[in-house]
Every structure is written in structure tokens, then in C-alpha cells.
Number of protein chains: 2
Amino acid sequence: MQIMKDKILQYLSKYTVITKELEKAIAESTFIQCFTKGDILLKEGSTSNECYFIIKGCIRSYYLKDGDEKTIEFYTEDEAVIPLNYDTIIPSGHYLECVEETIVSVGNPELESETFQKFPELGMLSRIIGQKIMAQQQESFADYKMSTPEERYLNLVKRRPDLIQRVPQHQIASYLSVKPESLSRIKRRLMNK
Amino acid sequence: MQIMKDKILQYLSKYTVITKELEKAIAESTFIQCFTKGDILLKEGSTSNECYFIIKGCIRSYYLKDGDEKTIEFYTEDEAVIPLNYDTIIPSGHYLECVEETIVSVGNPELESETFQKFPELGMLSRIIGQKIMAQQQESFADYKMSTPEERYLNLVKRRPDLIQRVPQHQIASYLSVKPESLSRIKRRLMNK
DNA sequence: TCAACGCATTGACTTTAGTTAAGAAATAAA
DNA sequence: TTTATTTCTTAACTAAAGTCAATGCGTTGA
């Protein structure tokens with residue numbers, strides 16, 4: 001179990017120096033939880049008071065529109081999943097679902113705010129990480145807008161080849177905003193080249 | 001000129017209580033600047049050390065791809081424009097251009113950091129505003145992914161009718177990620193309904 | 001073992017956006 | 001005002017995604 005905590009510390013150490021006290025505080029303000037394939041971590045319409053750091057596995061966020069699922073993002077190992085409405089009273093617009101067996105470290109605002117009180121440097125840290133996530137998001141939005149479905153697929157294969165293996169095709173399709181039939185055709189088209 | 005500063009304070013007062021001292025500090029750490037239509041505030045490849053609050057006018061951010069412009073966002077009155085690479089040494093990936101005559105309040109990190117020193121509550125404030133911007137961004141991404149170009153156009157007409165009036169059609173088209181010809185057809189299609 | 005279900009693929013057809021080119025309308029410049 | 005230039009619209013054609021329907025292929029479960 002200690003290995004799991006280490007991954008979080010490793011993640012944070014990319015941004016700041018982790019003291020022994022801070023390490024202890026983080027260990028105390030999070031806990032490990034396991035989910036199985038298909039488990040829903042967050043429902044549309046409900047509030048969320050948890051955020052997750054993925055130790056192992058894959059989490060998918062999606063909306064429902066006209067009865068079918070529109071995948072927003074896939075999160076995998078060593079990524080933080082922070083619901084948009086985290087630490088607010090706003091009901092969630094999206095779902096969080098485990099694509100496979102998933103082990104996460106769970107954080108919540110009550111425990112966090114204590115830690116934040118004791119370690120003001122974490123405030124700066126969360127701002128920096130937030131900025132970085134925001135920049136990545138904006139970039140991937142720009143990438144998305146500038147690409148055709150075919151280019152988006154090629155891009156995904158290149159940047160996250162693991163997803164192609166571990167995620168059902170129709171979820172990949174909804175992530176690329178095409179119908180499963182179209183994704184099949186895109187793949188066939190690329191084979192004949 | 002005092003009226004302009006007031007708009008910033010009004011914006012900030014949505015998030016925190018503005019004391020007299022804070023008001024004074026903000027007034028001292030920003031200045032007003034005017035631009036005319038077509039002026040470039042930030043070039044691709046250059047670093048940015050300014051952020052803007054729009055008093056009046058409209059600013060467009062865009063990338064260049066294959067020679068033509070891809071509009072990322074339009075910013076108008078009472079909105080903050082914070083370049084992605086603000087306060088970093090990272091060269092900008094996008095341009096900022098004035099769509100029309102625009103009056104902004106300019107902030108920069110040197111002046112700001114002094115203010116931040118004196119008023120630690122501004123740190124929290126910037127985190128909250130950052131989170132809000134992030135949430136909006138993620139939501140508009142989701143909206144975008146879930147919609148057809150036609151739906152995106154209708155959505156824009158509904159949510160930001162002013163843009164349709166003040167921004168050239170081909171820039172609107174690039175914002176919706178369609179060619180100008182397609183936007184023309186979409187409009188015609190909608191007329192005949 | 002075999003039936004049922006979900007998932008991926010394929011085909012025929014429809015719809016819509018991209019492309020190219022031409023012309024109309026609006027704006028800016030001489 | 002008149003000329004240029006940019007912007008918008010229209011048309012004909014091509015390419016690609018959506019839709020509907022059928023088939024095949026694994027996995028699950030009775």
C-alpha cells in the first residue's frame with residue numbers, strides 16, 4: 001500500500017519539494033479505494049465531494065445527449081481526476097465511470113483544507129497545477145478543433161496507444177465524436193494506405 | 001477614467017470583499033490602454049507579460065494553421081484575457097488581435113506580485129477565478145464536442161448574439177470550425193425552416 | 001451446448017461539409 | 001465618386017460522416 005502513496009508524492013514532487021511533514025499530512029488526508037469495471041464514481045445531477053488520483057486503471061468521463069454517451073475524457077495511471085464541480089454545490093453535468101478495475105487515492109475538501117492551512121505552499125502548488133491542466137486543456141481543445149476525425153484518431157493512436165487496447169471501440173468513437181460505424185471506416189481507410 | 005477602474009472592481013467584488021486599500025492597490029497596479037481595430041496584442045512565438053481586462057471592445061485569440069486563422073475565442077466587455085503563457089517564459093502559441101476599437105486595463109506580473117504580497121487574499125481569489133475559467137472552458141469544450149456545426153451556430157446566436165453583429169462572418173466561421181461557405185449554407189438552411 | 005446479447009464490421013443511401021470557381025455586396029482607398 | 005479590395009453568397013462537384021439495416025463474431029449465461 002505504501003507504493004501507492006509514493007506515486008502521489010512522485011507526482012507532486014514534480015512541482016515542489018516534499019518535506020517529511022507534508023508527506024505525512026498528505027498520507028493522512030487521502031485514502032485508497034478500489035472499484036470494478038462499470039462502477040460509477042459520479043452521477044449526472046449529483047454533487048461531488050471527492051477527487052481522485054489514479055494509481056491503476058482507467059476512468060472515463062461522459063455526458064448523456066439524446067440517449068447516448070458522449071465521452072469527454074479518459075484518465076489513466078498517474079493522472080488526477082478533479083470533477084468540475086469539486087468542492088462546490090453545483091450538480092455535476094457529467095458521469096465518471098471506471099472502464100476497468102481501478103485503484104484510486106481519494107481526496108476530499110474537508111481533509112484538504114486542514115492540510116492547506118498547515119502548508120500554505122500547497123496553495124501555490126494547486127494554482128500551478130491548475131494552470132498547467134488549463135493550458136493542456138486549451139491545447140487539446142485547439143488540436144481537436146483543427147483536426148478531422150481521421151486526424152484525431154491518428155493523433156490518439158500516436159499519443160495514447162494504450163487507450164486503443166483497453167477501451168471499447170464505441171467509446172473511442174464517442175471520444176472522437178464520430179459514430180462507431182464511421183470509426184470502423186476510418187480504420188479501414190487507413191489500412192489501405 | 002474612474003468609471004473604467006470601477007468595472008474591474010465590480011468584477012472582482014463578485015468574488016471577494018474589496019477594501020479601500022485593495023481598491024487603491026489595484027488602481028496603482030494597472031493602467032488603461034487603447035487599441036484600434038486590427039492591432040495585435042500578442043504574436044505567436046513571443047512571450048507575454050501582460051494580461052487584460054476589457055473595458056470596451058472585442059479581442060480575438062487565434063492560431064495559424066496551413067496559412068489560415070483558426071479562431072479560439074472572442075473576449076468582450078467585462079471579461080479578463082489572460083494569455084496561456086502569462087508570467088512564464090513559454091512562447092505563445094496563439095495571437096491576440098483587436099476585432100474593433102478596444103479599451104483595456106493592463107496588468108503585469110511585476111506590479112501584481114507586489115499587490116499579492118500585500119493582499120494574500122488575492123491569491124485565493126486568483127485560484128477561484130482560475131477554477132471558474134477552467135470550468136467554463138471544459139464546459140464549452142463539451143458543448144462543442146456534442147454539437148454539429150449547425151447546433152454550434154444556433155448556440156452562439158442564442159448565447160452571444162452581439163458577436164454575430166460585431167464580428168466578420170468568416171471569423172465566426174473559423175470559430176465554429178467550418179468554412180465561410182458552409183456557414184453561409186447553414187444560415188440559408190435555417191432561414192428555410 | 002446452445003441461445004442471447006453486445007460489439008464491430010459492412011453495404012446502400014442520405015446528408016452535410018470541403019473544394020473550386022464565379023459573381024454580388026459591402027467596405028475601404030484613391 | 002470611382003476604383004479596389006475584402007467579404008459574403010451561390011453553384012457544381014467531391015469526399016466524408018450519419019443513418020438504417022444486415023451480418024458476423026465473441027462473451028455470457030441459462
Side-chain angles (χ1 to χ4, degrees), chain A residues 36-40 58 60 62-71 74 97-101 144-157 161 163-193, chain B residues 35-40 58 60 62-71 74 95 97-101 144-157 161 163-193:
Chain A
T36 184
K37 181 179 172 180
D39 278 5
I40 303 287
C58 180
R60 177 174 73 106
Y62 65 90
Y63 285 73
L64 274 186
K65 184 176 182 190
D66 306 330
D68 48 21
E69 304 172 355
K70 305 282 182 175
T71 299
F74 294 103
E97 184 206 49
C98 292
V99 171
E100 56 193 46
E101 175 142 309
Y144 180 92
K145 283 184 72 172
M146 294 196 290
S147 316
T148 62
E150 182 173 316
E151 287 170 329
R152 289 202 291 270
Y153 175 72
L154 284 170
N155 206 26
L156 187 68
V157 170
L163 284 187
I164 310 290
Q165 304 306 321
R166 68 207 290 192
V167 174
Q169 205 94 282
H170 67 278
Q171 289 182 4
I172 299 278
S174 98
Y175 180 57
L176 302 173
S177 300
V178 293
K179 298 285 158 186
E181 296 93 326
S182 291
L183 182 53
S184 271
R185 275 182 300 218
I186 288 170
K187 282 170 60 184
R188 179 153 48 109
R189 215 162 50 218
L190 292 170
M191 294 287 279
N192 308 335
K193 280 190 180 174
Chain B
F35 296 96
T36 183
K37 181 180 172 180
D39 279 3
I40 303 286
C58 180
R60 177 174 72 106
Y62 65 89
Y63 285 74
L64 274 185
K65 184 176 184 191
D66 307 331
D68 49 22
E69 304 172 354
K70 306 281 182 176
T71 300
F74 294 103
Y95 291 81
E97 184 204 51
C98 294
V99 171
E100 56 192 47
E101 176 141 308
Y144 181 92
K145 281 187 72 171
M146 292 196 293
S147 315
T148 62
E150 183 171 316
E151 288 171 328
R152 290 202 291 270
Y153 175 72
L154 286 170
N155 206 25
L156 187 68
V157 170
L163 285 186
I164 310 290
Q165 303 306 320
R166 67 209 289 192
V167 174
Q169 204 94 283
H170 67 279
Q171 289 182 4
I172 299 279
S174 98
Y175 181 55
L176 302 173
S177 298
V178 293
K179 299 286 160 188
E181 298 91 328
S182 291
L183 182 52
S184 272
R185 273 184 302 218
I186 288 171
K187 282 170 60 184
R188 180 154 46 108
R189 219 164 43 221
L190 292 170
M191 293 288 279
N192 307 335
K193 279 191 180 172

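In the text below, chain A, chain B and the rest are named by the order of the sequence lines, each starting its count at 1. Not measured: the values here are computed from a predicted model.
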Minimal heavy-atom distance between A:Leu163 and A:Ile172, with the atoms involved, is O-CD1, 3.8 Å

Donor-acceptor pair, A:Glu151 side chain versus A:Thr148 backbone, under 3.5 Å?
-> yes

Does anything in residues 164-174 of chain A reach DNA chain C, meaning a heavy atom under 4.0 Å, and if so which residues?
-> A:Pro168, A:Gln169, A:His170

Quick one: list whatever passes ring pair (Phe, Tyr, Trp, His ring centres under 6.0 Å) with B:Tyr95, sequence neighbours left out.
-> B:Tyr62

Scan the side chains in residues 177-185 of chain B for donor-acceptor partners under 3.5 Å anywhere in the protein, sequence neighbours excluded, and list what turns up.
| from | atom 1 | to | atom 2 | distance (Å) |
| --- | --- | --- | --- | --- |
| B:Ser177 | OG | B:Tyr144 | OH | 2.7 |
| B:Ser182 | OG | B:Arg185 | NH2 | 3.3 |

Can you tell me how far C1' of C:dG6 sits from NZ of A:Lys37, to the nearest Å?
-> 11 Å

Nearest-Å distance, CD (A:Glu69) to C1' (C:dC7)?
-> 14 Å

Helix axis bend for the helix from C:dT1-D:dA30 to C:dA30-D:dT1 - C1'-based end axes, five pairs, 10° rounding | 40°

Measure the distance from NZ on B:Lys187 to C1' on C:dA17 and round it to the nearest whole Å.
-> 17 Å

Shortest non-hydrogen pair, B:Arg166 vs B:Glu100, comes out as NH2-OE2, 2.6 Å

Between A:Thr71 (side chain) and A:Ser174 (backbone), is there a donor-acceptor pair under 3.5 Å?
-> no

Please name the pair of heavy atoms, one in A:Val99 and one in A:Lys37, separated by the smallest distance, quoted to 0.1 Å.
-> O-CG, 3.3 Å

Across all chains, not counting sequence neighbours, the ring pair (Phe, Tyr, Trp, His ring centres under 6.0 Å) partners of A:Tyr175 are A:Phe74

For A:Arg152 and A:Ser147, does a side-chain donor sit closer than 3.5 Å to a side-chain acceptor?
-> no

B:Lys70 side chain reached by A:Lys145 side chain, heavy atoms, under 4.5 Å = no

Heavy-atom contacts, protein to nucleotides 14-30 of chain D, under 4.0 Å, summarised as B (base), S (sugar-phosphate only) or - (none) per nt, yield --SSBBB----------

